[in-house]
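Scroll down for the structure; my scribbles are underneath it.
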Amino acid sequence: MPDSVPRIVVEPPGPRARELVEEDSSVISPSYVRFYPLVVDRAEGSLLYDVDGNVFIDMNAGLAVMAVGHCHPEVVAAIREQAGRLLHYSNTDFYYKISVEVAKKLVQISPGTSPKKVYFGNSGAEAVEAALKLSRWSTRRQYIIAFIGAFHGRTFGALSLTASKPVQRAGFSPLLPGVVHVPYPYAYRCPFGAPPDDPEECAQRTLAFMEDWVFHRYVPPEEVAAIVFEPIQGEGGYVVPPDSFIPGLRKLADEHGILLVDDEIQSGMGRTGRWWAIEHWGVEPDIMTSAKALGGGLPLGAMVARSEIMGWPGGSHASTFGGNPVSCAASLATMRIIEREGLVERARDLGEKVMKRLNEMKEEHDMIGDVRGKGLMIGVELVKDRETRKPAKKEASEVMMRAWKSGVAVITAGLSTIRIAPPLNIPEEYLFKALDIIEEKISEVEGGR
Ligand SMILES: Cc1ncc(COP(=O)(O)O)c(C=O)c1O
């Protein structure tokens with residue numbers, strides 16, 4: 001472990017990074033996002049080492065994946081052990097034990113008390129596809145309600161629900177028919193005009209819109225299979241809904257026999273200070289999706305559904321690699337570490353300290369319009385002007401770039417939100433050092449330097 005972090009020895013991107021980026025662009029699809037030219041050579045705990053010898057504090061956790069930090073020795077050992085025993089034997093067609101163990105654990109920690117079963121895929125999008133198919137199969141209804149600002153993945157079914165940036169959809173239509181998007185109660189910018197200091201009014205207007213304008217005017221609720229939502233919007237800008245919203249959705253769904261599908265792919269696995277973000281509102285979904293942190297760094301996606309609705313027959317849905325034994329070993333080790341080290345509670349407590357620090361920062365910097373989050377899933381929305389709340393898009397990107405050049409790997413979400421999503425076991429000193437650097441960059445950008 002280096003004496004002082006972050007440590008920048010060559011201004012990034014250094015020569016080796018530039019060379020690799022050039023090579024990459026000659027053979028890799030240009031459709032990837034790529035926030036900045038960070039070329040990671042290795043990673044350990046909450047630190048990233050680039051190919052030029054720079055050391056960064058990781059505030060991204062490899063996009064909300066590395067909950068217990070990079071290359072945790074126990075996860076690596078579990079992967080090695082499993083790799084020497086069984087790499088693959090299509091769980092679609094045969095049986096092995098470790099996927100059953102992960103499924104049992106998932107059922108045990110999943111929200112609510114109903115008996116549940118698990119479907120395994122390899123990614124978030126595959127978990128969402130499974131949820132879509134099961135919703136239609138079990139209800140024999142065709143419509144799906146999703147939210148503007150949502151991100152559920154990029155395969156055709158999942159993409160049909162995704163609505164956080166036009167580029168994600170441009171050129172790919174027609175998408176899945178029967179998907180209807182409604183606004184999400186983004187209280188800081190309430191689509192229904194409620195004032196930002198009255199989030200519950202925003203939630204009530206959103207729910208009333210769904211009932212009065214959508215269900216009473218053009219989408220027959222008895223033909224709606226599912227309402228799919230993120231309990232905290234991720235790519236949409238780390239948007240936390242008002243407290244009455246998710247219980248309100250549950251009520252609306254129950255009134256019309258609609259399934260509630262909770263996408264916990266980014267917010268789950270302890271990140272928000274509960275195993276699953278929906279637990280903050282005491283609601284049990286009918287179907288939940290998980291991926292990202294679930295696989296401990298290896299590809300794994302899961303859909304957890306009430307057993308009652310998992311009646312689909314053999315052959316109706318499956319995938320060759322879903323529930324791969326090595327991914328399952330990494331997953332079990334990750335869940336064991338999260339439990340043993342109390343990382344869910346740590347995310348909650350540390351998240352409170354981070355929110356306090358960020359709210360103090362907000363007092364000092366007019367560019368910070370809103371600070372919101374739960375646990376270690378926190379968004380800092382930058383604005384050009386607090387009155388108009390005009391998004392400071394360029395400025396957010398500038399803060400991100402400058403932070404990276406100074407050794408803090410952090411990215412944006414939504415239009416102009418800095419997202420804080422480090423490993424759940426990040427040492428406090430690194431976390432607060434990273435926040436100091438982010439604040440310094442906000443000052444520089446605010447001062448036009
Ligand atoms: C909430 C949510 N759902 C689904 C996905 C898609 O997951 P994947 O990229 O593994 O397909 C993501 C990825 O960012 C996500 O944040």
Side-chain angles (χ1 to χ4, degrees), residues 29 31-35 60-67 111 119-133 135 144 146-165 167-169 172 175-176 179 181 184 186 226-241 246 260-272 275-278 280 285 287-304 319 321-324 327 330-331 334 373-379 411-414 417 419-421:
S29 166
S31 62
Y32 297 0
V33 181
R34 280 15 189 332
F35 282 90
N60 303 323
L63 269 296
V65 170
M66 306 310 293
Y119 167 89
F120 285 117
N122 304 284
S123 66
E126 281 185 42
V128 170
E129 294 291 333
L132 275 174
K133 285 180 72 176
S135 299
I144 309 283
F147 291 90
I148 298 173
F151 188 88
H152 296 289
R154 298 172 184 277
T155 51
F156 263 105
L159 175 62
S160 306
L161 308 177
T162 287
S164 58
K165 289 195 177 77
V167 68
Q168 296 153 347
R169 300 166 70 93
F172 299 121
L175 302 177
L176 197 68
V179 176
H181 280 91
Y184 194 79
Y186 186 166
I227 300 174
V228 185
F229 68 99
E230 291 161 274
I232 296 178
Q233 280 194 337
E235 303 307 299
Y238 275 31
V239 180
V240 182
I246 292 177
L260 209 51
V261 179
D262 170 29
D263 182 343
E264 296 272 1
I265 289 164
Q266 188 152 172
S267 57
M269 292 291 288
R271 173 148 300 281
T272 70
W275 269 112
W276 313 102
I278 197 168
H280 288 284
I287 299 178
M288 180 183 89
T289 55
S290 176
K292 287 195 181 274
L294 174 68
L298 295 191
L300 187 65
M303 171 190 67
V304 184
S319 123
F321 288 108
N324 170 270
S327 299
S331 179
T334 300
K374 298 236 178 246
L376 290 174
M377 182 171 189
I378 300 178
I411 59 171
T412 55
T417 297
R419 64 169 118 177
I420 311 289

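Since this is a predicted model, take the numbers as computed values, not measurements. Just follow the structure's listing: the first ligand is 1, and inside any ligand the first atom is 1.
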Under the side chain to side chain donor-acceptor pair (under 3.5 Å) rule, what do Q266 and Y238 come out as? Steps first, then yes or no, please. CA-CA 10 Å; Q266 188 152 172; Y238 275 31; 2.8 Å; yes

Note: ligand 1 atoms sitting under 4.0 Å from heavy atoms of E230 are 1 (C)

heavy-atom search around atom 2 (C) of ligand 1 in the protein gives F151 O, 3.2 Å

Of all protein heavy atoms, the one nearest atom 3 (N) of ligand 1 is D263 OD2, 2.7 Å

Note: A125, heavy atoms under 4.0 Å from ligand 1, region reported as both

Restricting to heavy atoms, the pick from Q266, K292, R154 nearest atom 13 (C) of ligand 1 would be K292

Presence of salt bridge, R419 and E235, under 4.0 angstrom
yes

Query raised in the report: Is any side-chain heavy atom of W275 less than 4.5 Å from a side-chain heavy atom of M269?
Result: yes

**Prompt:** If we only count heavy atoms from C-beta on, is the T162 to R154 side-chain gap below 4.5 Å?
**Reply:** no

### Message
Please tell me if atom 16 (O) of ligand 1 is touched by the protein, where touching means a protein heavy-atom distance below 4.0 Å.
### Response
yes

Atom 6 (C) of ligand 1 has as its nearest protein heavy atom G153 CA, 3.7 Å

Within the structure provided, determine whether F229 and V261 are in side-chain contact (heavy-atom separation under 4.5 Å).
no

